[in-house]
Amino acid sequence: MQQNPLTAPNVTGVELKNEIDQFNHAFNKLFKRRNVEKVINGYVRKLEVTYNQERFITKEMYKRAKDYYDKRNLKEGDHNPNYDTYHPHFHVILAVNKSYFNQTTQYIKQSKWLEMWRECMNDESITQVDIRKVRSSEKSENGAVL
């Protein structure tokens, strides 16, 4: 199993519905790609939308996204550039064969997932796709992810 949050830059409340529609369209487009269809046996996805209500960058926010703020020359106490925005993103669990992780002809690298997601979303400003293998410590006895 592989876990895969798909994300994009934050949007305003006015843009949220269109962004969610775009996410759904892009997701369907991504999972119809030949290299994805070939290796994915199934998936579970959940759309999560978080709201950024902090006017200023807090200590916790800075600590959690230090690289993001440093690239923008922002520090704790500065105005939060994402204040009053929404962050829609998919959490996806992919079912793959055990051999997927050992077969270089099938394995899709994180950089390729990012490239494909950018293409499907038609948005080169997307900077991350967090993809990783679900470890046995994250599964229950019946194989479900906790």
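With salt bridges taken as basic N to acidic carboxylate O contacts below 4.0 Å, none links Glu115 and Lys109. Salt-bridge formation is detected for the pair Asp130/Arg132: a Lys NZ or Arg NE/NH1/NH2 atom is positioned less than 4.0 Å from an Asp or Glu carboxylate oxygen. Between Lys17 and Asp21 there is a salt bridge, since a side-chain N of the basic residue sits under 4.0 Å from a carboxylate O of the acidic one.
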Full working for side-chain contact (heavy atoms from CB on, under 4.5 Å) between Gln128 and Leu114: CA-CA 6 Å; Gln128 62 183 349; Leu114 176 58; 5.6 Å; no
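Hydrophobic clustering places Ile40 together with Tyr107 (ILVMFWY residues linked when any side-chain heavy atoms are closer than 4.5 Å, directly or through intermediates). Clustering ILVMFWY residues whenever any of their side-chain heavy atoms sit less than 4.5 angstrom apart, transitively, puts Leu6 in a cluster other than the one holding Val44. Under the 4.5 Å side-chain heavy-atom criterion for Ile, Leu, Val, Met, Phe, Trp and Tyr, Val49 and Trp117 are members of the same hydrophobic cluster. Residues Val92 and Ile20 are members of one and the same hydrophobic cluster, defined by side-chain heavy-atom contacts under 4.5 angstrom among Ile, Leu, Val, Met, Phe, Trp and Tyr.
Contact check for Leu94 versus Tyr100: no side-chain heavy atoms found under the 4.5 Å cut-off. The side-chain heavy atoms of Asn80 and Phe56, taken from C-beta on, include no pair separated by under 4.5 Å. Two residues are said to be in side-chain contact when any heavy atoms from C-beta on lie closer than 4.5 Å; Val14 and Leu16 fail this criterion. Looking only at side-chain heavy atoms (C-beta outward), Tyr43 and Ile93 stay at 4.5 Å or farther from each other. In this structure, Arg45 and Asn24 have side chains that are in contact, with non-hydrogen atoms separated by less than 4.5 Å. Contact annotation: the side chain of Arg33 approaches that of Glu119 to within less than 4.5 Å [non-hydrogen atoms, C-beta and beyond]. Within the 4.5 Å cutoff, the side chain of Val129 has heavy atoms near those of the Gln110 side chain. Between Gln103 and Val39 there is no side-chain heavy-atom pair separated by less than 4.5 Å.
With Arg72 contributing its side chain and Tyr68 its backbone, the two residues share a donor-acceptor pair below 3.5 Å. Looking only at distances, a side-chain donor or acceptor of Gln22 sits under 3.5 Å from a matching main-chain atom of Met121.
Taken to the nearest 0.5 Å, the CE atom of Met61 stands 10.5 Å off from the CG atom of Asp78. Here the straight-line distance linking atom CD of Glu48 with atom NE2 of His89 works out to 3.5 Å at 0.5 Å rounding. Remark: Tyr83 OH to Glu54 CD distance equals 9.5 Å, nearest 0.5 Å.
Environment of CD in Gln53: sparse, with no more than 12 heavy atoms of neighbouring residues, nucleotides or ligands closer than 6.0 Å. Counting heavy atoms of neighbouring residues, nucleotides and ligands inside a 6.0 Å radius, atom CZ of Arg55 does not exceed 12 of them. Within 6.0 Å of the CG atom in Asn122, the count of heavy atoms belonging to other residues, nucleotides or ligands does not exceed 12.
The minimum heavy-atom distance between Asp70 and Lys66, with the atom names listed, is OD2-NZ, 2.5 Å. Across every non-hydrogen atom of Ile57 and His79, the tightest pair is CD1-O, 4.0 Å. Taking all atoms of both residues into account, the shortest heavy-atom contact from Lys112 to Asn35 is CE-ND2, 4.1 Å. Contact between Ile126 and Arg118 at its shortest, heavy atoms only, is O-NE, 2.6 Å. A pairwise comparison of heavy atoms in Glu19 and Pro88 identifies CG-CG, 3.7 Å as the closest pair. Nearest heavy atom pair, residue Leu74 against residue Tyr62, reads O-CE1, 3.6 Å.
A cation-pi arrangement is present between Lys133 and Phe101, with the terminal nitrogen or guanidinium carbon under 6.0 Å from the aromatic centre and inside a 45° cone about the axis.
Under 3.5 Å, the side chains of Asn10 and Asn52 contain no donor-acceptor pair of N or O atoms. Side-chain contact, Asp84 with Tyr51: a donor N or O sits under 3.5 Å from an acceptor N or O. Between the side chains of Asp123 and Ser125, at least one donor-acceptor pair of N or O atoms lies under 3.5 Å.
Phe23 has its ring centre no less than 6.0 Å from the ring centre of Phe27.
The only option from Thr7, Val11, Asn82 that meets the side chain to side chain contact (heavy atoms under 4.5 Å, CB included) definition with His87 turns out to be Thr7.
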